[in-house]
Novice: 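Mind having a look at this structure? Questions to follow.
Here is the naming used below: chain letters follow the sequence lines, and residue numbers restart at 1 for every chain.
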2 protein chains.
Amino acid sequence: MQEKISSQIALPVEIDLQSYPLFRQCEGVFVSALQEAARERRFEKGQVVFLHGDGVECFYIIRHGWVKLYRETLDGTQAVVDIFTTGHMFGETAIFEDGMYPYSAEAVEDVQVIALPIDLLKNEIKANNKLALDMLCSMARYRRRQDREIEHRSLQNASQRIGCFLLRLLNQSEDGAAHIHLPYDKMLVASRLGMQPETFSRALSRLRDKTGIRIKGSTVEIDSPSQLTDYSCMACSSEYPCKDILSGK
Amino acid sequence: MQEKISSQIALPVEIDLQSYPLFRQCEGVFVSALQEAARERRFEKGQVVFLHGDGVECFYIIRHGWVKLYRETLDGTQAVVDIFTTGHMFGETAIFEDGMYPYSAEAVEDVQVIALPIDLLKNEIKANNKLALDMLCSMARYRRRQDREIEHRSLQNASQRIGCFLLRLLNQSEDGAAHIHLPYDKMLVASRLGMQPETFSRALSRLRDKTGIRIKGSTVEIDSPSQLTDYSCMACSSEYPCKDILSGK
DNA sequence: ATTTTAAATTGACAATAGTCAAGGCAATAA
DNA sequence: TTATTGCCTTGACTATTGTCAATTTAAAAT
């Protein structure tokens, strides 16, 4: 499953970096250096982008597809840290590590990313206070996400975690009925939520029975989101709609 | 249990802020303003320092005692986020929140803290890039801690989590036998590790049987740490001694 | 020393999630 | 269409953790 292909396609690309929140207020010199160094890379489903412990050279922006970040124990058990898609950046926190990635990254379906040299970012952060502040904000946002994750894992049961996950897929203020499409495999959703596929399957059924959602394959129809929140957010310390998690770029 | 006493003792204090890592390279003007604004506050066991959602005015440095950070659901169930002691800082990440503390803080035993106005820190971070960088490093360190926590909760069982906790109390490179004293109540250790007191008690017994540690009240004697690591770190993605967690200031 | 109190342990049982194995379903390839 | 493949579901069982109640232990107060 995990194969590393070094003969990677790495073509220069046109990309408007300033459209990404982190770079919105960066100056021309830095941005053009980044843009010049930007390389497009593609990974097929199952291919490894980097491994936990690899020396850090690049950070990545996802243009298309899905990437999962994970760690694994000696016996091969995986813990999925997070799953990202278009517009998200990953690997950039390695700036503050000891030169090694703190987790592994793998394409969970065909994916197209922009690879950017991390040294440029590192140097610019040292020189440009605004960038450092944006980075701080982005890390604070991520931290809230992780804090919430830990809370969910200790206070919510499997069905409630799924309910919470679904609610976050309901963008912003859709108050009426909605049908959403699971963003990836149910197996992957399960691992993202820290449970086994079988547990996920059963917990989703239980959620259906308790909240009246309808499930057709990978589509979920929700007539009353409020019934979902009543059930899921019961065991959560934050008020719905968990404002600080919604857009976790 | 949770009482808020507004008639708080708040005396000016002498404190060498530059001895704290975050302020080590800060300039005189800022440091002296902080020092002048610093106030000592004492909280008795069980008193609340601030509540999740309170407006943010201060961040804190612990001089003595223990403080727990937690969140709670509507029905009163608590999730302990972390437990801190002497030298640690808390509440400072509220800088990047919307003006409200993201969790509650409570003294778990009599505690003495320094309260510092968060506005000063906020402004200085905006002006002083070195401080911003130190803050970034500190947040990255905390993030690693949280990442690991999530991993532990999904991959380790109760006994292994306790073993890991004990190993982290064994400072640095003590390779031979050691006896350590639990830093606080077993009940608190349990909640810190996300389990019930009864589960903790049983899991600790199991750990004793499997690794040959000896338990006398709140003291744990460890003849061979390696036996502990064999058992606990088996289900963890990082090599012992989990370098990046050790000193989590 | 005795009483009072809180913490810690233990037992019995319930709830939840994990594991293993067997089918079912749906998309794709032949 | 049929066969193949991989994902998903379900059943039966196990393991782990949580819950409630009873008891023991240890610490603090009188």
Novice: Nearest-Å distance, CG (A/L188) to P (D/dG6)?
Specialist: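 Whole-Å distance recorded here is 16 Å.
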Novice: For B/Y101 and B/F50, I'd like to know if the aromatic rings sit close, meaning centre-to-centre distance below 6.0 Å.
Specialist: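 Here the rings of B/F50 and B/Y101 have centres that are less than 6.0 Å from each other.
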Novice: Could you go over nucleotides 25-29 of chain C and give all protein N or O partners under 3.5 Å, atom names and distances?
Specialist:
none

Novice: With a 4.0 Å cut-off, would you call B/K68 and B/D82 a salt bridge?
Specialist: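 Salt bridge: no.
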Novice: Mind calculating the distance between CZ (A/R153) and C1' (C/dT16) to the nearest angstrom?
Specialist: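 Rounding to the nearest Å, CZ of A/R153 and C1' of C/dT16 are 16 Å apart.
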Novice: Taking all non-hydrogen atoms of both residues into account, name the closest pair between A/V111 and A/W66 and its distance.
Specialist: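 Taking every non-hydrogen atom into account, CG2-N, 3.8 Å.
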Novice: Round to a whole Å and report the spacing from NZ of B/K210 to P of D/dA15.
Specialist: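 Going from NZ in B/K210 over to P in D/dA15 covers 11 Å.
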Novice: Is it the case that atom CD in A/E57 sees more than 12 heavy atoms from other parts of the structure closer than 6.0 Å?
Specialist: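 Counting neighbours around CD of A/E57, 12 or fewer heavy atoms of other residues, nucleotides or ligands fall under 6.0 Å, so no.
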Novice: Report yes or no: is the cationic atom of A/R143 (NZ for Lys, CZ for Arg) closer than 6.0 Å to the six-membered ring centre of B/Y142, at no more than 45° off its axis?
Specialist: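 Yes; both conditions hold, so A/R143 lies above the ring face of B/Y142.
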Novice: Which atoms form the tightest heavy-atom contact between A/T199 and A/A158, and what is the distance?
Specialist: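 Shortest heavy-atom contact: CG2-CB, 4.1 Å.
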Novice: Can you confirm whether B/Q146 sits close enough to A/D147 that some side-chain heavy atom of one is under 4.5 Å from a side-chain heavy atom of the other?
Specialist: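 SC-SC contact between B/Q146 and A/D147 confirmed.
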Novice: Does the side chain of A/S237 come under 3.5 Å of the side chain of A/E151 through a donor N or O and an acceptor N or O?
Specialist: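 Yes, side-chain donor-acceptor contact under 3.5 Å.
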Novice: Can you check whether B/C236's main-chain N or O pairs, donor with acceptor, with A/R71's side chain at less than 3.5 Å?
Specialist: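 Not a single qualifying donor-acceptor pair exists.
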Novice: Between B/L155 (CG) and C/dG18 (C1'), how many Å, whole number?
Specialist: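 Going from B/L155 (CG) to C/dG18 (C1'), I get 13 Å.
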Novice: If I take atom NZ in residue A/K186 and atom P in nucleotide D/dC7, what distance separates them, rounded to the nearest angstrom?
Specialist: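 Nearest whole value for this atom pair: 13 Å.
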Novice: Indicate yes or no: does B/R202 engage B/E198 in a salt bridge with an N to O separation below 4.0 Å.
Specialist: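 Between B/E198 and B/R202 there is no salt bridge, as every charged N stays at least 4.0 Å from the carboxylate O atoms.
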Novice: Rounded off to whole Å, could you give me the NZ-to-P distance for the B/K216 and D/dA26 pair?
Specialist: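 Rounded to whole Å, this separation is 13 Å.
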Novice: Just do the salt bridge (charged side-chain N to carboxylate O under 4.0 Å, His left out) check on A/E40 and A/R42 with the steps written out, would you?
Specialist: CA-CA 7 Å; A/E40 182 185 283; A/R42 289 161 186 274; 3.0 Å; yes
Novice: I need the NZ-P distance between B/K45 and C/dT5, as an integer number of Å.
Specialist: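 My rounded result for the distance is 15 Å.
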Novice: Any protein N or O atoms within reach of nucleotides 17-19 of chain D? Criterion: under 3.5 Å, listing atom names and distances.
Specialist:
| residue | atom | partner | partner atom | Å |
| --- | --- | --- | --- | --- |
| D/dT17 | OP1 | B/A158 | N | 2.8 |
| D/dG18 | OP2 | B/Q196 | N | 3.4 |
| D/dG18 | OP2 | B/T199 | OG1 | 2.7 |
| D/dT19 | O4 | B/R202 | NH2 | 2.9 |

Novice: Please report the end-to-end axis angle for the helix from C/dA1-D/dT30 to C/dA30-D/dT1, five pairs per end, rounded to 10 degrees.
Specialist: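 Comparing the first five pairs with the last five, the axes sit 30° apart.
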Novice: Name the closest nucleotide to the B/S201 side chain, picking from C/dT9, D/dT9, C/dA7.
Specialist: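 Within the option list, the nearest is C/dT9.
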Novice: Find the distance A/I215:CD1 to D/dC7:C1' and express it as a whole number of Å.
Specialist: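 Going from CD1 in A/I215 over to C1' in D/dC7 covers 16 Å.
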